[in-house]
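Taking it in order: structure first as structure tokens, then the write-up.
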Amino acid sequence: MLEKVEEFNMDKVIEEFERVTKDAERVQRETLKRILEDNASAEYLMSLGLNGRTDPESFKACVPIVTHKELEPYINRILDGDSSSILTGKPITTMSLSSGTTQGKPKYVPYNDELFETTVQIYHTSFAFRNREFPIRGGKALSFIYSSKQFKTKGGVLAGTATTNVFRNPGFRHAMKAIQSPCCSPDEVIFSPDYHQSLYCHLLCGLIFREEVQLVSSTFAHSLVYAFRTFEQVWEDLCGDIREGVLNSKVTVPSIRAAMSQLLKPNPELANLIHKKCMGLSNWYGLIPELFPNAKYVYGIMTGSMEPYLKKLRHYAAELPLLTSDYGSSEGWIATNVKPRLPPELATYTVLPQIGYFEFIPLKELEGTKTDPTFLCIDPKPVGLSQVKVGEEYEIVITNPAGLYRYMLGDVVKVIGFYNSTPELKFVRRSNLLLTINIDKNTENDLQIAVESASKLLAAEKLEIVDYTSHIDLSKEPGHYVIFWEISGDHASEEVLGECCNCLDKSFVDAGYTSSRKVNGIGALELRVVRRGTFQKILEHYLGLGAAVSQFKTPRCVGPTNTRVLQILCENVVKNYLSTAFN
Ligand code: AMP
């Protein structure tokens, strides 16, 4: 492995990054030219009258800014088996299913080899910078990665989540060999049809190779926290398996059993050691370094909707650094983390100008329009990557090599600075407003801030919020906010939970909300506490729709059309409280 890491020329990758970021504007023009040349014969571009022009000015004049909705008719034709050049010159044969947690259902976006190439580029870039700061020589990675199934749509198109499409790409192994310590887990565990069994075996493999584990990772931080919360439940079973050298009978998938039997040998000494370590921990603080003494860091996407899991992750990781990875989506990669020493709360992502063409709509232009489905009528005026202003917030518009042109991703970012001439972004939030009844406007950040302040009251009782979401209840006049909480224990007093409810209500400081609350234009906020395991049921519901654990993001607001998730939540309510804060 040592040789393989050295094969990867870190300096060359960093040099290339310096080159493209110093000349970001020109690289953007070239990238757009390449995308438009490669796809000049696509029906979509032909119909817009580009006539082979590839400059940004003509592109912007001819091609409209769109959302997924506008592209759906084209995407549906591809899914139904129309193999002509619809969105791309070379017809699309694979689709990615994005997690779609915001809209309540997964959505399809085109995937191709060119998009895969950008994945390799971004992985190599962030690895070069990460490895410069936190060198890893050999060893193994404990990666909580799960590949969901790829399936054929009725038109014969291959579909899977973006992470699955990447993991299953024939070039993936080769591209990663140079930069990634091999996973502790065999492929049968990663590609298993059952994520419970996968997770159990990932943990088991990690323990078997505990001395060799150099890093602990997952795509999103949610999977890391989920893995170690599961460890708290199953650690004695894991020790039992290691002691006896026999895999727990709950793991039933034959291919996993066969693969694990190659690794598992009776090892009472290791079982005793792990048992002793677990018994010695106080409330599982420092679990990760205790189990994996040679791990250098914990790695995965830790910003945005993953921030609420950081507290728990830090608890498990103790002094071990938490490194956030890159910024991207099923629609394409955007930016990479080249400053891995920054804690996730301060992390920035540097835009890679050669992997897509990026435009930025100043958020001010869109303000107040998002509740209006025809908001695109306002003709937003995006600026290019080198015209963005430090300190301003923008909604990202991407043009990628897989048939998305001027596509609004639905993310808000803030420009923190420039790395050479390319912007450094902080991920702010999804762009849609979560909570709005009349003149109030609250985003997922506002909800996160409210939940964080109320959770401090719980912390005094040694309790924590496992997960949360929200809902607007308009079933009675006036409408009101409902916040659902899953809490780590059931001993919270009525008094404290009542205070939490008031604190939530008072923490929404948006003037529209407070003024409406005062005149009862918005009713008392309701806190509903749900049973342990409710959010796992939500995760399972999404997996049933084709999502992958690796890409799962808890929906932070459940709309009225998301009936199944709402039903899961409502069926599991154990207590509810109404705020008296504005009485
Ligand atoms: P999906 O396509 O399902 O993987 O979801 C992509 C979305 O995840 C993006 O549009 C972002 O909202 C979010 N996301 C991806 N990377 C990051 C990141 N580094 N920080 C915060 N949010 C992210």
Side-chain angles (χ1 to χ4, degrees), residues 102-104 305 308 363-375 377-378 393 395 412 428-458 465 468-487 492-530 554-563 565-567 569-570 573-583:
T102 327
Q103 287 84 12
S305 66
L363 202 63
K364 282 185 208 137
E365 279 198 27
L366 291 176
E367 255 159 33
T369 59
K370 283 313 235 333
T371 48
D372 172 7
T374 60
F375 71 95
C377 301
I378 66 161
E393 290 190 346
E395 181 154 351
V412 175
V428 178
R429 59 180 169 87
R430 295 291 293 163
S431 60
N432 52 343
L433 288 172
L434 281 190
L435 297 163
T436 175
I437 290 178
N438 44 51
I439 52 165
D440 53 314
K441 283 181 188 161
N442 283 298
T443 65
E444 64 183 35
N445 292 109
D446 300 316
L447 175 63
Q448 187 185 327
I449 291 167
V451 170
E452 260 167 29
S453 18
S455 72
K456 291 191 183 121
L457 302 170
L458 273 188
I465 296 169
Y468 67 89
T469 188
S470 64
H471 172 65
I472 293 288
D473 187 346
L474 298 173
S475 61
K476 283 196 296 281
E477 279 286 330
H480 70 286
Y481 289 13
V482 180
I483 314 289
F484 292 93
W485 272 7
E486 182 175 321
I487 303 177
S493 67
E494 295 291 307
E495 198 191 335
V496 167
L497 287 168
E499 273 176 46
C500 288
C501 181
N502 283 334
C503 178
L504 282 168
D505 201 4
K506 277 190 286 186
S507 302
F508 289 106
V509 290
D510 154 59
Y513 183 75
T514 50
S515 59
S516 294
R517 279 287 290 123
K518 278 181 196 144
V519 298
N520 206 30
I522 294 178
L525 181 142
E526 187 179 354
L527 170 62
R528 296 189 194 164
V529 178
V530 295
T554 298
R556 293 297 178 209
C557 182
V558 181
T561 53
N562 201 347
T563 42
V565 173
L566 205 51
Q567 191 188 10
L569 287 164
C570 294
V573 173
V574 284
K575 289 177 191 165
N576 70 323
Y577 302 86
L578 279 176
S579 161
T580 52
F582 285 81
N583 287 353

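Nothing fancy with the numbering, it's 1 onward along the sequence.
Using modelled atom types, no side-chain atom of His480 and backbone atom of Leu525 make a donor-acceptor pair closer than 3.5 Å. Without hydrogens or angle criteria, Arg517 side chain to Ile522 main chain gives a donor-acceptor distance under 3.5 Å. In terms of modelled atom types and a separation under 3.5 Å, the side chain of Asn502 and the main chain of Ala581 share a donor-acceptor contact. Not one N or O on the side chain of Thr580 forms a donor-acceptor pair closer than 3.5 Å with the backbone of Asn583. Between the Asp440 side chain and the Asn438 main chain, a donor and an acceptor come within less than 3.5 Å of each other. A side-chain donor-acceptor contact under 3.5 Å links Ser470 to the backbone of Arg556. Judged purely by atom type and a 3.5 angstrom limit, Glu444 uses its side chain to pair as donor or acceptor with the backbone of Arg430. A donor-acceptor pair under 3.5 Å is absent between the side-chain atoms of Asn562 and the main chain of Gly559, judged by distance alone. Not one N or O on the side chain of Thr436 forms a donor-acceptor pair closer than 3.5 Å with the backbone of Lys441.
Listed here is the closest heavy atom pair of Gly523 and Asn520: CA-OD1, 3.8 Å. Scanning both residues, Ile472 and Leu434, for their nearest heavy atoms gives CG1-O, 4.5 Å. The nearest pair of heavy atoms linking Ser579 to Ala524 is O-CB, 3.3 Å. Nearest approach of Asn432 to Arg429, heavy atoms of both residues: O-NH1, 4.5 Å. For the residue pair Gly479 and Leu474, the shortest heavy atom distance occurs at CA-CD2, 3.9 Å. Thr469 approaches Pro555 most closely through the heavy-atom pair OG1-O, 2.6 Å.
You'll find the side chain of Leu457 reaches within 4.5 Å of the side chain of Cys503, heavy atoms only. In this structure the side chain of Ser305 never reaches within 4.5 angstrom of the side chain of Thr554, judged on heavy atoms. Within the 4.5 Å cutoff, side-chain heavy atoms of Cys557 are placed close to those of Leu435. Counting only heavy atoms from C-beta outward, the side chains of Val482 and Asn576 never approach each other to under 4.5 Å. You'll find the side chain of Leu458 reaches within 4.5 Å of the side chain of Ile465, heavy atoms only. With a 4.5 Å cut-off on side-chain heavy atoms, Val573 and Leu569 do not count as touching.
Under 3.5 Å, the side chains of Glu452 and Gln448 contain a donor-acceptor pair of N or O atoms.
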Verdict with reasoning, Leu497 to Ile487, per side chain to side chain contact (heavy atoms under 4.5 Å, CB included): CA-CA 11 Å; Leu497 287 168; Ile487 303 177; 3.7 Å; yes
Residue pair Phe484, Glu486: steps toward the side chain to side chain contact (heavy atoms under 4.5 Å, CB included) verdict: CA-CA 7 Å; Phe484 292 93; Glu486 182 175 321; over 6 Å; no
Chi angles and distances behind the side chain to side chain contact (heavy atoms under 4.5 Å, CB included) call for Leu578, Cys501: CA-CA 7 Å; Leu578 279 176; Cys501 181; 5.6 Å; no
Steps toward salt bridge (Lys or Arg N to Asp or Glu O under 4.0 Å) verdict (Glu393, Lys364): CA-CA 8 Å; Glu393 290 190 346; Lys364 282 185 208 137; over 6 Å; no
Trace of the side chain to side chain contact (heavy atoms under 4.5 Å, CB included) decision for Glu526 with Leu504: CA-CA 9 Å; Glu526 187 179 354; Leu504 282 168; over 6 Å; no
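Once rounded to the nearest 0.5 Å, the distance linking CD1 of Ile439 with OG of Ser516 reads 4.0 Å. Summarising the geometry, atom NZ belonging to Lys506 is positioned 9.0 Å from atom CD belonging to Glu499; distances are rounded to the nearest 0.5 Å. The CH2 atom of Trp485 sits 6.5 Å away from the OG atom of Ser455 when rounded to the nearest 0.5 Å.
Phe508 pairs by the ring pair (Phe, Tyr, Trp, His ring centres under 6.0 Å) definition with Tyr481, Tyr513, not counting sequence neighbours.
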